[in-house]
S.K.: 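Quick one: structure below, then a few questions.
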Amino acid sequence: MKKIILSAFVGILLTACGSDNDSKPTPPAANVIDVRNPADVQKLGQSYELLLHIKKATHAASGETDRLATNAVIFSKPIPTVNPTFAQHHGVPLLNMKMQGAMTVELAATAIVNNVEYDLKNFDIFYQPTSTWSEPDLSIYKVENDINNVTFWKRGTSFDFNSSLLNDHDKIDMENGLPLNIYVKLGNKLSNGIQIYGEQPEYMQYKSVRPFNDNGTYAMTLMQ
């Protein structure tokens, strides 16, 4: 009888301990920086590099497949060399995504310090106003990466590239060949740029549609 009572008591004790552990909050990941937390940002020091990329690109709810084709280009950061080529100076295209219709873009950003990557959360999106282009004739497939020429757009990591945005000529003016250039800015650092622009659907033909994600899958594949 004593053994039964003792076993029951131990079972209750273990259950109680387990419940207590389950209720504890999960500690934050070591390599995550909340940009709205000054203490977090200070951990980066002054020698960090910001990288912006597209985490996911999917068809926007507005559709618009009959009147819009979206083209997104992720650029590398400019290369600080003595006599850089045009591509090195303005950034090298790393990835080009095309989608028939409006696109919902989900961004991700990282900071790199001494070859260690930190995921950023709660970052802001900045854009280059169309009025600040220094070389508007060379706007397509080019980002200027001028920290003095970027403006705060919004808080959050996602947005829709659709006809409504195309009518916001402060951010994009396709009639004059000026695409949307977006960045992440933190302190006195500016990330690489992502350029997004719209085209007429009849100029783009596709054979398949699939979501773009972290596995590096293209949103759509161009027909050969």
S.K.: Quick one: list whatever passes ring pair (Phe, Tyr, Trp, His ring centres under 6.0 Å) with Tyr197, sequence neighbours left out.
M.R.: none

S.K.: Does the side chain of Asp119 come under 3.5 Å of the side chain of Asn31 through a donor N or O and an acceptor N or O?
M.R.: no

S.K.: Please answer: with hydrophobic residues joined when any side-chain heavy atoms are less than 4.5 Å apart, are Ile112 and Leu120 in the same cluster?
M.R.: no

S.K.: Answer yes if the side chains of Asn149 and Asp146 hold a donor-acceptor pair under 3.5 Å, and no otherwise.
M.R.: yes

S.K.: I'd like to check Phe123 versus Thr157 (side-chain heavy atoms, cut-off strictly below 4.5 Å). Are they in contact?
M.R.: yes

S.K.: Could you tell me whether the side chain of Asn192 and the main chain of Leu52 form a donor-acceptor pair under 3.5 Å?
M.R.: yes

S.K.: Okay, side chain of His59, backbone of Gln100: is any donor-acceptor separation there less than 3.5 Å?
M.R.: yes

S.K.: Should the heavy atoms of other residues, nucleotides or ligands under 6.0 Å from CG of Asn167 be counted, would the total exceed 12?
M.R.: yes

S.K.: Got a sec, which residues hit salt bridge (charged side-chain N to carboxylate O under 4.0 Å, His left out) with Glu175, two or more places apart in sequence or on another chain?
M.R.: none

S.K.: Taking side chain as C-beta onward, heavy atoms only, is Lys121 less than 4.5 Å from Val32?
M.R.: yes

S.K.: Cation over ring, Lys189 on Tyr48, under 6.0 Å and within 45°?
M.R.: yes

S.K.: Using side-chain heavy atoms (C-beta onward) and a distance below 4.5 Å, is Tyr118 in contact with Leu44?
M.R.: yes

S.K.: Regarding Asp173 and Thr130, do their side chains bring together a donor and an acceptor under 3.5 Å, going by distance alone?
M.R.: no

S.K.: For Ser158 and Val105, indicate whether the former's side chain and the latter's backbone hold a donor-acceptor pair under 3.5 Å.
M.R.: no

S.K.: Might you confirm whether atom NZ of Lys77 has over 12 heavy atoms from other residues, nucleotides or ligands at distances under 6.0 Å?
M.R.: yes

S.K.: Is any side-chain heavy atom of Leu178 less than 4.5 Å from a side-chain heavy atom of Pro136?
M.R.: yes

S.K.: What are the two closest heavy atoms between Met174 and Gly198, and how far apart are they?
M.R.: CE-O, 3.7 Å

S.K.: When you look at Ile172 and Phe161, which way does the side-chain contact (heavy atoms from CB on, under 4.5 Å) test go after all the steps?
M.R.: CA-CA 11 Å; Ile172 180 170; Phe161 186 91; 3.7 Å; yes

S.K.: Taking Asn37 for its side chain and Ala39 for its backbone only, find out whether a donor-acceptor pair lies under 3.5 Å.
M.R.: yes

S.K.: Hey, does the side chain of Arg36 reach the backbone of Asn122 with a donor-acceptor pair shorter than 3.5 angstrom?
M.R.: yes

S.K.: Scan Ile196, Thr104, Asn162 and name whichever one has a side chain to side chain contact (heavy atoms under 4.5 Å, CB included) with Thr70.
M.R.: Ile196

S.K.: By salt bridge (charged side-chain N to carboxylate O under 4.0 Å, His left out), which residues pair with Asp168, not counting sequence neighbours?
M.R.: Lys171

S.K.: Got Phe75 and Val92 here, is their nearest side-chain heavy-atom distance under 4.5 Å?
M.R.: no

S.K.: Working to the nearest 0.5 angstrom, can you tell me the gap between Glu49 CD and Asn115 CG?
M.R.: 10.0 Å

S.K.: Mark yes or no for whether Gln195, through its side chain, and Ala72, through its backbone, hold a donor-acceptor pair below 3.5 Å.
M.R.: no

S.K.: For the residue pair Ile147 and Tyr183, establish whether any side-chain heavy-atom pair is separated by less than 4.5 Å.
M.R.: no

S.K.: Side chains of Asn181 and Ile194, heavy atoms from C-beta outward: is any pair under 4.5 Å?
M.R.: no

S.K.: Check whether Leu51 and Ile125 end up in the same hydrophobic cluster, where Ile, Leu, Val, Met, Phe, Trp and Tyr are linked by side-chain heavy atoms less than 4.5 Å apart.
M.R.: no

S.K.: Is there a path of hydrophobic side-chain contacts, each under 4.5 Å between heavy atoms, that joins Trp133 and Val73?
M.R.: no

S.K.: Is a side-chain N or O of Ser191 found less than 3.5 angstrom from the main chain of Val184, in a donor-acceptor match?
M.R.: yes

S.K.: Take Ile33 and Gln42, measure what side-chain contact (heavy atoms from CB on, under 4.5 Å) needs, and give me the verdict at the end.
M.R.: CA-CA 10 Å; Ile33 298 293; Gln42 286 181 359; over 6 Å; no

S.K.: Apply side-chain contact (heavy atoms from CB on, under 4.5 Å) to the pair Val35 and Asp40, showing each step before the final yes or no.
M.R.: CA-CA 7 Å; Val35 301; Asp40 265 11; over 6 Å; no

S.K.: Are the side chain of Glu64 and the backbone N or O of Gly101 linked by a donor-acceptor pair below 3.5 Å?
M.R.: no

S.K.: Indicate yes or no: at least one non-hydrogen side-chain atom of Phe152 is less than 4.5 angstrom from one of Phe126.
M.R.: yes

